[in-house]
Protein chains: 4
Amino acid sequence: MQSRSPSAARPGRPRSATADAAILAATREALVELGWSKLTLGDVATRAGVAKTTLYRRWSGKNELVVDAVAELFDELCLPDRGSLAADIEGVVLQFAAILARPEARGGLMAVVTEATRDDALRARIRASIVDRQKGLVLQGRSRAQQRGELPPETDPEESARTVDLIFDMVAGAVVHRTLVSGRPVDEEWVRGFTQILLRGLTAPS
Amino acid sequence: MQSRSPSAARPGRPRSATADAAILAATREALVELGWSKLTLGDVATRAGVAKTTLYRRWSGKNELVVDAVAELFDELCLPDRGSLAADIEGVVLQFAAILARPEARGGLMAVVTEATRDDALRARIRASIVDRQKGLVLQGRSRAQQRGELPPETDPEESARTVDLIFDMVAGAVVHRTLVSGRPVDEEWVRGFTQILLRGLTAPS
Amino acid sequence: MQSRSPSAARPGRPRSATADAAILAATREALVELGWSKLTLGDVATRAGVAKTTLYRRWSGKNELVVDAVAELFDELCLPDRGSLAADIEGVVLQFAAILARPEARGGLMAVVTEATRDDALRARIRASIVDRQKGLVLQGRSRAQQRGELPPETDPEESARTVDLIFDMVAGAVVHRTLVSGRPVDEEWVRGFTQILLRGLTAPS
Amino acid sequence: MQSRSPSAARPGRPRSATADAAILAATREALVELGWSKLTLGDVATRAGVAKTTLYRRWSGKNELVVDAVAELFDELCLPDRGSLAADIEGVVLQFAAILARPEARGGLMAVVTEATRDDALRARIRASIVDRQKGLVLQGRSRAQQRGELPPETDPEESARTVDLIFDMVAGAVVHRTLVSGRPVDEEWVRGFTQILLRGLTAPS
DNA sequence: AAATAAGCGAGACGGTACGTCGCGTCTTTAT
DNA sequence: ATAAAGACGCGACGTACCGTCTCGCTTATTT
């Protein structure tokens, strides 16, 4: 979000702390009802009980606002230890899918990613707010699996980073594609099939 | 696209045949320069040397126009026989990535998919124009691999369809995510790693 | 007002002829109800049953619009022959005062003159639309008075022009000041006194 | 201006004496540079090195502030005895014109008068601050002329008051109109012609 | 000295209007 | 019937000031 020199008691009236929360909540609400393209900042301001100018004082436009509103949704992602790599993957994939199934995430995330194809600052914001946070889950899952002996320990650290990126693209990409492009649900059956291929490969005897 | 009673010599001035092509080309050009959100139909019309009315006579709005403009990009996808399943996958993934690397595809495809999250008619149009065509490649690749003996023959046809969908989501999803979200190139090294996991799984000894 | 290459049948939809009239009428109406400073172009557009953009297509802002709206009020000024110079002056002064007494003129004229102190283009527009038209009345009155023998004929043309300007400033200035600054009515008694001084001077035996 | 119970030593920090002067000076400065309509109170505050709140504590809005700022300009008007009525008139008219020639007066005075057409309180303020002060000059000039024998003594006091008002409207109106509407200078030649007509009338042999 | 009270700077706040832009429709003349 | 041209109603945009409201701080008078 926006930041300031942290604990410097700056002069003048401080920004309303409640306004931020109200605006983000209103944004998600509007996202559900209207979708990205019909969402207007004036409407968000009204819903939040806030003047349009207040909104523009904090965010520079629709994109930045929606990134922040959507990013909060992903804060709840976590990786409880379910005892095996397969179970861990299935768990986090289902969590991720549950978030994507919510209408505010569906349209909002995609729209923001779309805009980011032309806007480097926005891409950086997304990466910082959303992507990197999730990538931590992949790291965590792998080290657990290594402790359990399900995966061999790392040798080449560069190779290791590449693999994390790859896994992340495969997991997130598949779930997003299933949900948003194919438009079909990520149910337990699908997750089982996916995990199976991810772990054992297409050529393995099912 | 738009259709008419096909060969009925209707009265009045016939539609300009060149206009369609000019408009689609102008759309892709504008997509490259401006991106989805800054693309305006008035601008496309001007670039195409065409009046706005002409454009609206053929497409009902921005989304429909861009779908058609982007769909043409995927016509070139094909699956030449490279002798092994792994080589076939690598080939088609690189082709797909090459298309996505073009700026008119990056923004256009995503934008259209984004809009489709709220518009069923648009989703159907996308499925017909883009998705189903690619899914055919997966089918073709599998049957070739089965003929070579790399994969076992199908038994349950329903299970078979599910697997095709799953593979498709995994391949397309990973490439799209790598390109558009992670914003990193799909190069040969990445493709090799991806194919390795897809075929043999994470747990295989590399 | 705005002008075009006159009788050239230009391509495209022509501007609505009724819109101009509706807008100017709405402007005067709003001027009466709200006064200059509270008059809003959006409101004028609404009253006129016209989009705000249509209004901006024809006038570049509040000032230009109000000048035109107010200028029309002065079209009705004329100088009927009342038989003597004194009677002619009294007649036209009363007419002028009657216009200024109308609320749309009071605020509108002054406001526009005020703005013109900083805007040369606007001043030119006012001069062309309002001032020069009235100055013709002074000329007409003088030549009639000369024909009647009430005033001597002109000799020096330059001196003549200066005198017209002077008379005009004295007549218009006095009426405007009485109405708008002193805020008192221009009634018959005032007009008689004014005409007396204008014709015979302060020092004349009353 | 603003008033307080005069010499009551009230508790709390007293108002800064320098702030008033700084604000009025800043107002005139801004009036010169920007004109009435582009003058903003925020900008005036900044120029004066003062917070907006300080400004609002002293004046209730733009109009009141500008009236005060402009009124000060007219304090310098006076009527030195030049020996004859004609010379006295010429003197004061030139003084008045010199003030109106200053840009802060041009826009400011007119703007304030314009606003006053809708605001009775403002009109009263103007009358008290500006108009009545000038009207005193007319009275003074007349009594001098009567002492010199240039004008007959008053008989009817009501008629007398009416004439003062009339003369005032004629003098002030003509100068203002010449300066602000006609937009031409009040030079010595113009003043001579004006005084000639005012004293001897149009029909007098020049 | 401490308490109280107002003034002051800074700047965020809810509003209103601005002038612009793009949409998709409609109206004109010319093919 | 289509085409190019362009005006139209509409609605959102992002900005600028308005006049008000907190803040933390300063400067007086009153206890």
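So that the names make sense, note that chain A is the first sequence line, chain B the second, and so on, each numbered from 1.
The closest donor-acceptor contact from the side chain of C:Lys62 to the backbone of C:Trp36 lies under 3.5 Å.
Straight-line distance from the CD1 atom of D:Ile23 to the C1' atom of E:dC8: 11 Å, rounded to whole Å. For the pair D:Leu65 CG and F:dG19 P, the computed distance is 11 Å after rounding to whole Å. Straight-line distance from the CZ atom of D:Arg13 to the P atom of E:dC8: 6 Å, rounded to whole Å. In this structure, B:Leu55 atom CG and E:dC23 atom P are separated by 10 Å, rounded to whole Å. Taking atom CZ of C:Arg58 as the reference point, atom P of F:dG9 lies 8 Å away to the nearest angstrom. Between A:Lys38 atom NZ and E:dC23 atom P the separation is 13 Å, expressed in whole Å. As rounded to whole Å, 13 Å separates atom C1' of E:dC13 from atom CG of A:Asp20. Rounded to an integer number of Å, the gap from A:Leu39 CG to F:dA12 C1' is 12 Å.
Tested against D:Glu33, the residues D:Lys38, D:Arg28, D:Arg47 include a single salt bridge (Lys or Arg N to Asp or Glu O under 4.0 Å) partner, D:Arg47.
Contact check, C:Arg57 against E:dG19: no side-chain N or O comes under 4.0 Å of OP1 or OP2. In this model, the phosphate group of E:dG9 is approached by a side-chain N or O of D:Thr54 to a distance below 4.0 Å at OP1 or OP2. The phosphate of F:dC25 has neither OP1 nor OP2 within less than 4.0 Å of any side-chain N or O from A:Arg10.
When the nearest nucleotides of DNA chain F are assigned to A:Gly12 and C:Ala17 by heavy-atom distance, the more 5′-ward of the two goes with C:Ala17. Place A:Ala19 and B:Ser60 on DNA chain E by their nearest nucleotides, and A:Ala19 ends up nearer the 5' end.
You'll find the side chain of A:Thr27 stays beyond 4.5 Å of the side chain of A:Val70, heavy atoms only. Proximity of A:Val50 to A:Val44: side-chain heavy atoms (C-beta onward) are nowhere separated by under 4.5 Å. Between C:Leu65 and C:Leu24 the shortest side-chain heavy-atom distance falls below 4.5 Å.
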Assess whether side chain to side chain contact (heavy atoms under 4.5 Å, CB included) is satisfied between A:Trp59 and A:Ile23, documenting all intermediate values.
-> CA-CA 10 Å; A:Trp59 288 275; A:Ile23 292 170; 3.7 Å; yes
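C:Thr53 contributes a side-chain N or O that forms a donor-acceptor pair with the base of F:dC10 under 3.5 Å.
Taking a cutoff of 4.0 Å between a charged side-chain nitrogen and a carboxylate oxygen, D:Arg15 and D:Asp20 do not qualify as a salt bridge.
Minimum atom distance to the side chain of D:Thr40 is reached by F:dC17, of the listed F:dA12, F:dC17, E:dC23.
Sorted by residue number, the members of residues 41-52 of chain C with any non-hydrogen atom under 4.0 Å from DNA chain F read C:Gly49, C:Val50, C:Ala51.
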